[in-house]
Asker: 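Take a look at this one; I'll ask things after.
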Amino acid sequence: MRVAACASVLVAVSAVETSANPIRRVVSMLQAMQKKIEEDGERQDKLFAKFQCYCETNAAKLADSVEEAKAKIEQLTTEIQASTEERTQTVADLAAAKENRASAQKAIEDATAQRNKEAKEFEEYSTDAKTNLAALAKAIPAIENGMGSALLQTNGIVSALEAVMNKASMLSYTDKNTVESFLQAGDSASYAPQSGEIVGILKQMEDTMAADLKSATDKENESIADFNELVAAQNKAVQAATDSIEEKTEQSGQLAVAIVQLKNDKSDTEKQLEADSGYSLQLEKDCKDKVRDYAETKKTRAEEVLAIADTIKILNDDDALELFKKAVPSLLQIQSTASELRQEALQGLRALSKRRGSAHLDLISLALQGKKMSFDKVIKMIDEMKDALHKEQKDDDSKKEYCNKEFDETEDKMKDLKHTKEGLDQKISNLHDEIKETKESIASLEQGIKDLDKAVAEATEQRKEEHEEYVSSTAENQAAVDLLGFAKNRLQKFYNPKQYKAPPKRELTEEEKMYAAYGGDIGTTPAPEGIAGTGIGFIQIQAHNVEAPPPPPELGSHKKQNAGGVLGLIDMMVNDLKTEMNQARLEEEDAQEDYEQLMKDSAEKRASDSKTISEQEGQLAEANSDLAAAKDDLSANSKTTQETHEYTQDLHKSCDFLLDNYDTRKSARDEELEALDKAKAVLSGADVSLLQTRPARARKFMA
């Protein structure tokens, strides 16, 4: 159909321009068409080659990008796993360090308690041993000087030796019995062992006790040294554990931040991988579609070239030329002249140009007015201008579609960015609040621990003072009770002799027995000392015999006073003191129980608060990491929003004129195309009639 139309045009134009053989003109035009199609084919082949290069290059780039993303994701996964495992180990190490510090602190407390216990035991043993050695040091010289058992009894040595013998586990039964017999025997006793044997036994005891005391003292010094060494080592362990806790806490926070950053990087890479994979698939599909379409285009072009070649072959055939010579001996002349056709074409073009002011139409009009340009060239100009107008319209259509699409997409994108920004602003605000609250909570807990430690120390000091006050007041009250009892007993001796309790008789020493045997008055009990001669409040010492004062002068008989009120008052005072002592004991027990419960509750609260601090420090590190990531996202969002806004402004600059004037431009372009079609039709001879001598054959030929 296209070939027939071209042939019709060429016949009419050639009739105006030249009187040459019309068949030859047709062939020439077909050859020109064939050449143009081949040139277009070469141009399209070059463009298709560039398109294939584009497909191959971008497919390779996308494939490399996909592989790099996969490798990076795998690497990030490994790094995340390694960092997570390292943080888990760090947290475990942190817990172990805290446990080690607590263990070392407990070891110090246990060692201190054990050391205090051992020191107390040593002090008691040392005091006892020194007392025993002092007694032996006093007894041995006395026995060596020939002092008998009775004399030793008088000097208080026997009682001291008896106390030593009760604790003398190093003596054999025989030696112990020998010494005890010596101490218990008086001057009239039938058994009197040699003093040398007794001295030997006592010296052996003295040496053994002295050696034991020295050994115990050395052992005590070693225990003190071991204790100091243990405390120093445990203090170093506490310091090392504290340093480790600080280091592991910082390391744990850094690892938490690194893990979040790695996860964000992995998420971004996965999104990029998904996008590149989608682009790669779309590119592959588009390239395959283009290859298929271009193959169809080449096929159509080849068929067209073949049709033109066959037509040329038919028209160039010698038999066909001979037939044309016989059938159409002369070419019919055109009814209208070339000048009339130019004027008719100009008339339509000028009318539209005046209304629209089109440069395309002015150019065609100028070419027609020159009269030097052939109709073929003018028609070619018209075709080129039509192609240009069609291309412009196509470009406007594409750009309009592109602009509308881009406006819709950027509007949606701006809405998404605004929504994302609002979410990020809220998230950052929440994270700031969370971080502030966590810091305040940690500070409050740390201050609470300090206050708790201070309160525990104050409670311990207060408990110590209360206990000391209790011990002191109890001792004082007991001394008062004893004093009142002594006073009451003294009154009972006078007023109620039957209720009087005589002091227990004591055993006479050998010296006292010997002294009594020679007529001396040694009494039955030592004279009381201390408060008003009661023996209360002072150390009991041996009483010395003094000459009795002369009897007082006789003053007549004396009537006893009624002592019932005084004795009742003493009993009431004693009962009050005992009640007070009992109340103080109950209060002391309650206070000690409360103190122990306070220590237990304080330890549990301190451990709980310390654990909470550790957990909140982890939450704080995670919140800081989330805050940094949110700020990065907000910064990226702001940048993208700015870029999108700038792109929208550029889009308005590029599209607003087209969208506002699209209908006007399309209408004007359609009128120009219509005018060009009419001008082309005039110039192509659409309105001419062929004059011929044989009209019927001419019409048959034109068909």
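Starting from 1, each residue takes its place in the sequence as its number. It should be emphasised that the depicted structure is a prediction, and the values quoted were computed from it without experimental measurement. All values below come from the heavy atoms of this structure, side chains included, with hydrogens, waters and symmetry mates left out.
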Asker: How close do K248 and T90 get, heavy atom to heavy atom, and via which atoms?
Answerer: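 Smallest interatomic distance, heavy atoms only, reads O-CG2, 3.4 Å.
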Asker: Should E409 and K405 count as side-chain neighbours, where that means a heavy-atom distance under 4.5 Å?
Answerer: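 Of all side-chain heavy-atom pairs linking K405 with E409, at least one is under 4.5 Å.
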Asker: Say whether Q642 and E646, considering side chains only, have a donor N or O and an acceptor N or O under 3.5 Å apart.
Answerer: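 Judged by distance alone, the side chains do pair up.
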Asker: Can you name the nearest heavy-atom pair linking A621 to G253, along with the distance?
Answerer: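 Heavy atoms only, the tightest pair is CB-CA, 3.8 Å.
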Asker: Between D626 and K427, is there a salt bridge with N-O shorter than 4.0 Å?
Answerer: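 Salt bridge flag = no for D626 with K427.
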Asker: How long is the span from the CD1 atom in I73 to the OG1 atom in T78, to the nearest 0.5 Å?
Answerer: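 Nearest 0.5 Å value for the CD1-OG1 distance: 12.0 Å.
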Asker: Above 12 or not: heavy atoms from other molecules or residues under 6.0 Å from OH of Y125?
Answerer: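 It does: Y125 OH has more than 12 such atoms within range.
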Asker: Given I449, which of S444, S610, S602 fulfils the side chain to side chain contact (heavy atoms under 4.5 Å, CB included) condition?
Answerer: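 Output: one option passes, namely S610.
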Asker: Tell me whether D601 is salt-bridged to K605, with the criterion being a basic N under 4.0 Å from an acidic carboxylate O.
Answerer: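 Judged by the 4.0 Å cut-off on N to carboxylate O distance, D601 and K605 do not form a salt bridge.
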Asker: Without swapping roles, check the side chain of T249 against the backbone of I245 for a donor-acceptor pair under 3.5 Å.
Answerer: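 Yes, because the side chain of T249 sits within donor-acceptor range (under 3.5 Å) of the backbone of I245.
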Asker: Could you tell me if the side chain of Q251 sits less than 4.5 Å from the side chain of D93, heavy atoms only?
Answerer: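 Counting from C-beta outward, D93 and Q251 never come under 4.5 Å.
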Asker: With side chains defined as the heavy atoms from C-beta onward, is the minimum distance between M209 and L213 less than 4.5 Å?
Answerer: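 They are not in contact (no side-chain heavy atoms under 4.5 Å apart), so the answer is no.
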Asker: Can N404 and L659 be said to form a side-chain contact (heavy atoms from CB on, under 4.5 Å), step by step?
Answerer: CA-CA 9 Å; N404 289 329; L659 296 178; 3.8 Å; yes
Asker: For atom CD of E74, decide whether the heavy atoms of other residues, nucleotides or ligands shown that lie under 6.0 angstrom number more than 12.
Answerer: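 Counting other residues, nucleotides and ligands, CD of E74 stays at 12 neighbours or fewer.
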Asker: A quick test of your reading: do over 12 heavy atoms of other residues, nucleotides or ligands sit less than 6.0 Å from CD of E604?
Answerer: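 Correct, the count exceeds 12.
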Asker: Under the 3.5 angstrom rule, does the side chain of T57 hit a backbone N or O of Y54 as a donor-acceptor pair?
Answerer: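 Answer holds: no.
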Asker: As a quick check of understanding, evaluate side-chain contact (heavy atoms from CB on, under 4.5 Å) for Y470 and E587, giving each step before the final call.
Answerer: CA-CA 9 Å; Y470 164 74; E587 291 177 355; over 6 Å; no
Asker: Could you check whether any side-chain N or O of T112 sits under 3.5 Å from a backbone N or O of I108, counting only pairs where one atom can act as donor and the other as acceptor?
Answerer: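 Checked: pair present.
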Asker: Give a yes or no answer on whether the side chain of S441 reaches the backbone of E437 with a donor-acceptor pair at less than 3.5 Å.
Answerer: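 No: the side chain of S441 does not pair with the backbone of E437.
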Asker: A quick test of your reading: do over 12 heavy atoms of other residues, nucleotides or ligands sit less than 6.0 Å from CD of E274?
Answerer: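 12 or below, so no.
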Asker: Look up atom CD in Q81 and atom CG in L262, then write down how far apart they are to the nearest 0.5 Å.
Answerer: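 Q81 atom CD to L262 atom CG measures 12.5 Å (nearest 0.5 Å).
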Asker: So does R115 pair up with E118, basic N to acidic O under 4.0 Å?
Answerer: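 So R115 pairs with E118 through a salt bridge.
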Asker: Test side-chain contact (heavy atoms from CB on, under 4.5 Å) on R606 and D453; report intermediate values, then the result.
Answerer: CA-CA 9 Å; R606 196 180 197 285; D453 291 342; 2.9 Å; yes
Asker: Between K288 and E284, is the closest basic N to carboxylate O distance under 4.0 Å?
Answerer: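 Between K288 and E284 there is a salt bridge, with a charged N closer than 4.0 Å to a carboxylate O.
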Asker: Look up atom CD in Q75 and atom CD in E79, then write down how far apart they are to the nearest 0.5 Å.
Answerer: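 Spacing of CD (Q75) from CD (E79) equals 4.5 Å.
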Asker: Holding to side chain to side chain contact (heavy atoms under 4.5 Å, CB included), I want the full list of residues that pass it with C287, two or more places apart in sequence or in another chain.
Answerer: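 Scan of C287 (side chain to side chain contact (heavy atoms under 4.5 Å, CB included), adjacent residues dropped) gives F51, C55, L283.
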Asker: Counting N and O atoms only, with roles assigned by atom type, does the side chain of T644 sit under 3.5 Å from a partner on the main chain of T640, one being a donor and the other an acceptor?
Answerer: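 Flag set: sc T644 to bb T640 pair under 3.5 Å.
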Asker: Should we say atom CD of E220 is surrounded by more than 12 heavy atoms from elsewhere, each under 6.0 Å from it?
Answerer: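 Enclosed.
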Asker: To check you understand the geometry: which heavy-atom pair defines the closest contact between R463 and A591, and what is its length?
Answerer: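 That would be NH2-CB, 3.5 Å.
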Asker: Only one of E589, Q583, E588 forms a side-chain hydrogen bond (donor to acceptor under 3.5 Å, both in side chains) with R585, so which one is it?
Answerer: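 Exactly one option meets the side-chain hydrogen bond (donor to acceptor under 3.5 Å, both in side chains) with R585, and it is E589.
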Asker: Begin with the C-alpha distance, continue with both residues' side-chain angles, and end with the deciding distance and a verdict on side-chain contact (heavy atoms from CB on, under 4.5 Å) for E434 and T438.
Answerer: CA-CA 6 Å; E434 180 182 350; T438 304; 4.0 Å; yes
Asker: Counting only N and O atoms by type, is there a donor-acceptor contact under 3.5 Å from the side chain of S635 to the main-chain atoms of K631?
Answerer: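 Answer holds: no.
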Asker: I want to check something: taking the side chain as every heavy atom from C-beta on, are Q261 and V257 in contact at a cut-off of under 4.5 Å?
Answerer: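 The answer is yes, as the side chains (C-beta and beyond) meet within the 4.5 Å cut-off.
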Asker: For the pair T420 (side chain) and D416 (backbone), establish whether a donor and an acceptor sit closer than 3.5 Å, ignoring hydrogens and angles.
Answerer: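 Looks like yes, one N/O pair under 3.5 Å.
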Asker: After noting the C-alpha distance and the side-chain angles of Q239 and N235, does the key distance pass the side-chain hydrogen bond (donor to acceptor under 3.5 Å, both in side chains) rule?
Answerer: CA-CA 6 Å; Q239 185 59 43; N235 283 331; over 6 Å; no
Asker: Counting C-beta onward and ignoring hydrogens, is there a side-chain heavy-atom pair between Y647 and E406 closer than 4.5 Å?
Answerer: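 A side-chain contact under 4.5 Å exists here.
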Asker: Within the 3.5 Å criterion, strictly below it, is a donor on Q462 or E466 matched to an acceptor on the partner's side chain?
Answerer: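 On atom types as modelled, these side chains qualify, holding a pair under 3.5 Å.
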Asker: I need the full list of disulfide (SG to SG under 2.5 Å) pairs touching residues 579-655, with sequence neighbours left out, sorted by first then second residue.
Answerer: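 Counting only pairs at least two positions apart or across chains, the disulfide (SG to SG under 2.5 Å) contacts touching residues 579-655 are C403-C655.
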Asker: Side chains of Q234 and L230: closer than 4.5 Å at any heavy-atom pair?
Answerer: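 Yes, close enough: below the 4.5 Å cut-off.
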Asker: Under a 4.5 Å cut-off applied to non-hydrogen side-chain atoms, are T217 and K214 in contact?
Answerer: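 Sidechains of K214 and T217: no contact.
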Asker: Between atom CG of D226 and atom NZ of K219, what is the distance when rounded to the nearest 0.5 Å?
Answerer: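 One gets 11.0 Å once the value is rounded to the nearest 0.5 Å.
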Asker: Does NE2 belonging to H652 count more than 12 external heavy atoms closer than 6.0 Å?
Answerer: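 For H652, atom NE2 is crowded (more than 12 foreign heavy atoms under 6.0 Å).
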Asker: Quick check: do T460 and M599 have side-chain heavy atoms less than 4.5 Å from each other?
Answerer: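 In contact.
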Asker: Taking atom types as modelled, find out whether Q272 and D268 have a side-chain donor-acceptor pair closer than 3.5 angstrom.
Answerer: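 Short answer, no.
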Asker: Within a radius of less than 6.0 Å around CD of E593, do more than 12 heavy atoms belonging to other residues, nucleotides or ligands occur?
Answerer: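 Open: at most 12 neighbouring heavy atoms sit under 6.0 Å from CD of E593.
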Asker: So how far is it from H432 NE2 to L627 CG, rounded to the nearest 0.5 Å?
Answerer: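 With rounding to 0.5 Å, NE2 (H432) is 4.5 Å from CG (L627).
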Asker: Does a donor on one side chain sit under 3.5 Å from an acceptor on the other, for E596 and Q592?
Answerer: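 Per modelled atom types, E596 and Q592 side chains form a pair under 3.5 Å.
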Asker: Would a distance-only check, ignoring hydrogens and angles, find a side-chain to backbone donor-acceptor pair under 3.5 Å from S103 to E99?
Answerer: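 No.
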Asker: NZ/K98 to CG/L94 distance, rounded to the nearest 0.5 angstrom?
Answerer: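 Here the interatomic distance stands at 4.5 Å.
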Asker: Would you confirm whether T84, through its side chain, and I80, through its main-chain N or O, come within 3.5 Å as a donor-acceptor pair?
Answerer: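 Yes; at least one donor-acceptor contact below 3.5 Å.
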Asker: Verify the distance criterion only: is there a donor paired with an acceptor across the side chains of D451 and Q447 at less than 3.5 Å?
Answerer: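 Q447 and D451 do have a side-chain donor-acceptor pair below 3.5 Å.
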Asker: Between K106 and E109, does at least one N-O distance fall below 4.0 Å, as a salt bridge requires?
Answerer: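 No, K106 and E109 are not salt-bridged.
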Asker: Near M573 CE, under 6.0 Å, is it more than 12 heavy atoms from other residues, nucleotides or ligands?
Answerer: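 Result for CE/M573: open.
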Asker: How would you list, by chain and number, every residue that makes a side chain to side chain contact (heavy atoms under 4.5 Å, CB included) with S267, sequence neighbours excluded?
Answerer: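 Side chain to side chain contact (heavy atoms under 4.5 Å, CB included) list for S267, sorted by chain: K271.
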Asker: Could you please spell out the steps behind the side-chain hydrogen bond (donor to acceptor under 3.5 Å, both in side chains) verdict for K421 and S638?
Answerer: CA-CA 8 Å; K421 182 180 181 299; S638 299; over 6 Å; no
Asker: Taking the side chain from T641 and the backbone from N637, do they hold a donor-acceptor pair closer than 3.5 Å?
Answerer: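 At least one qualifying donor-acceptor pair exists.
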